[in-house]
Number of protein chains: 2
Amino acid sequence: MAASTSRSQAAADKRRLILDAAVRVFARQGFHACRVSDIADEAGVAYGLVYHYFSSKDEILDTVFLERWSMLLHVIAEVDERPVAAREKLRDIASFIVDSYVHDPDVMKVIIVEVTRAANSFGRTHLAKIREAYDLIARIVAKGQASGELRTDVSPDFAALAFYGTIEQVLTGWIFELLPQTPRDTESAKVQIVDTICDGLDVIGLPSA
Amino acid sequence: MAASTSRSQAAADKRRLILDAAVRVFARQGFHACRVSDIADEAGVAYGLVYHYFSSKDEILDTVFLERWSMLLHVIAEVDERPVAAREKLRDIASFIVDSYVHDPDVMKVIIVEVTRAANSFGRTHLAKIREAYDLIARIVAKGQASGELRTDVSPDFAALAFYGTIEQVLTGWIFELLPQTPRDTESAKVQIVDTICDGLDVIGLPSA
DNA sequence: TCATTCGTTGACTCGTCAGTCAACGATAGC
DNA sequence: GCTATCGTTGACTGACGAGTCAACGAATGA
């Protein structure tokens, strides 16, 4: 009847339904440990329908990762366009990632645990895409060094690794409940990440206090 | 005849042989992707013998991890005993881990890729053991804060995460060849890790140059 | 020399699960 | 109302691989 209930729209909704169910199942049981039937059950659809919308179990995870990672790359690139200090750019990126986790922990858990931190099995396919993020961050650092904001005795690549590594480690800490994650904690993490990294990168590091 | 060729000694050697072969296979193919028969083939023994020395495929990885991680915990605790500056302690720990990788990349690759960074599947079992390392590092930071060497506006737990996270990210970069790893690179990484983290932790951060 | 022990062998079993497929049924167009 | 389309169903298959087990044989000790 209405356009919103047309054949193709309903199909798109079902696809989304399966995708969202898959995220919950992957987050709960892990990609390898779960069965495709678990995803179908979680979504409330028949087993076969999963294969109507996706060609394989892998493709579901691919889709989940690419959807979100593309968003991240887009945000990093956009932040770098802004005419602000390098430190502020890094703060915005850290904030975006932390907020992404707070807003939807399951998706971030799946991306980190099953792709980013699983470069051996699944991440291998996406290594290039993951690397793009490192490179964009390294570029921000390089610009900061060129403008004299950041010290030059740490390579941009290394700095990007330390920056992203710290963020990922913090999210991992939350995911596995090694670190408290009250709204207060998640908010202060944004500051601590940038403070810790930047006061080691600034030409003259001064404690913020 | 000689004690070195006694029954029990020969058995211990075979066990070691299988363990070393498993490390190579895990590093090459990944824990999930390899078959137990691959390990047997690599070790040059019959399939069944693997199950004579280990009760399951999991137990092999357990053994590999625990052997090396216990060593790491021991070193961290020992370093903390030394009457030196916190920064020097962190430098020694970073050096030990980097040297471990340089000396035997396969073992470190397996531990990081299959256990440390796989907290969802396998690492879950070892979460407590992994956490011990964070806690020991956090204690070093806390002492450094108490003695006035390190700034106090970053929590020890957070600092430990940033420190270890940076190291792990660098090793991961080497493992997946995102980062150059000539002897010169690995040596300079030791310095860069500590510089990056500490000049953000020191009361007054000054570039080392 | 014979018997016992135990390291060693590899073919086999058995459960699991990704992916297939034939059939069903609701909607849309005629 | 009739037919074609296509979303939907779930039982089934085929491959794969962890773990078992019965039998073998080389040291050891009597």
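No hydrogens, no waters, no symmetry mates; every other heavy atom, side chains included, goes into these values. Protein chains get the first letters and strands the later ones, always in sequence-line order, with residue 1 at the start of each.
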Can you tell me the distance, in whole Å, between the [atom1] atom of [X] and the [atom2] atom of [N]?
X	N	atom1	atom2	value
B:Ile18	C:dG7	CD1	C1'	11 Å
A:His52	D:dT5	NE2	P	15 Å
B:Glu59	D:dA18	CD	P	15 Å
B:Phe54	C:dG7	CZ	C1'	15 Å
B:Lys14	C:dT8	NZ	C1'	7 Å

Contacts of [X] that satisfy side chain to side chain donor-acceptor pair (under 3.5 Å) - sequence neighbours left out:
X	value
A:Arg15	none
A:Asp58	none
B:Asp104	none
B:Ser70	none

If a pair satisfies ring-ring contact (aromatic ring centres under 6.0 Å, His included) and one of its residues is in residues 74-108 of chain A, list it, with sequence neighbours excluded.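 The answer is A:Tyr101-A:Trp174.
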So which pairs with a foot in residues 12-45 of chain B pass ring-ring contact (aromatic ring centres under 6.0 Å, His included), sequence neighbours left out?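 Checked against ring-ring contact (aromatic ring centres under 6.0 Å, His included) - neighbours excluded - the pairs reaching residues 12-45 of chain B are A:His32-B:His32, B:Phe26-B:Phe31, B:Phe31-B:Phe122.
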For A:Arg82, does the CZ atom have more than 12 heavy-atom neighbours from other residues, nucleotides or ligands under 6.0 Å away?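 Correct, the count exceeds 12.
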In residues 19-30 of chain B, what residues come within less than 4.0 Å of DNA chain D, judged by heavy atoms?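 Correct list: empty, so none.
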I need the full list of salt bridge (Lys or Arg N to Asp or Glu O under 4.0 Å) pairs touching residues 119-135 of chain B, with sequence neighbours left out, sorted by first then second residue.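 Residue pairs with at least one partner in residues 119-135 of chain B: B:Arg131-B:Asp135.
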For every nucleotide of nucleotides 10-20 of chain C, 5' to 3': is a protein heavy atom under 4.0 Å from its base (B), only from its sugar-phosphate (S), or from neither (-)? BB-----SBBB
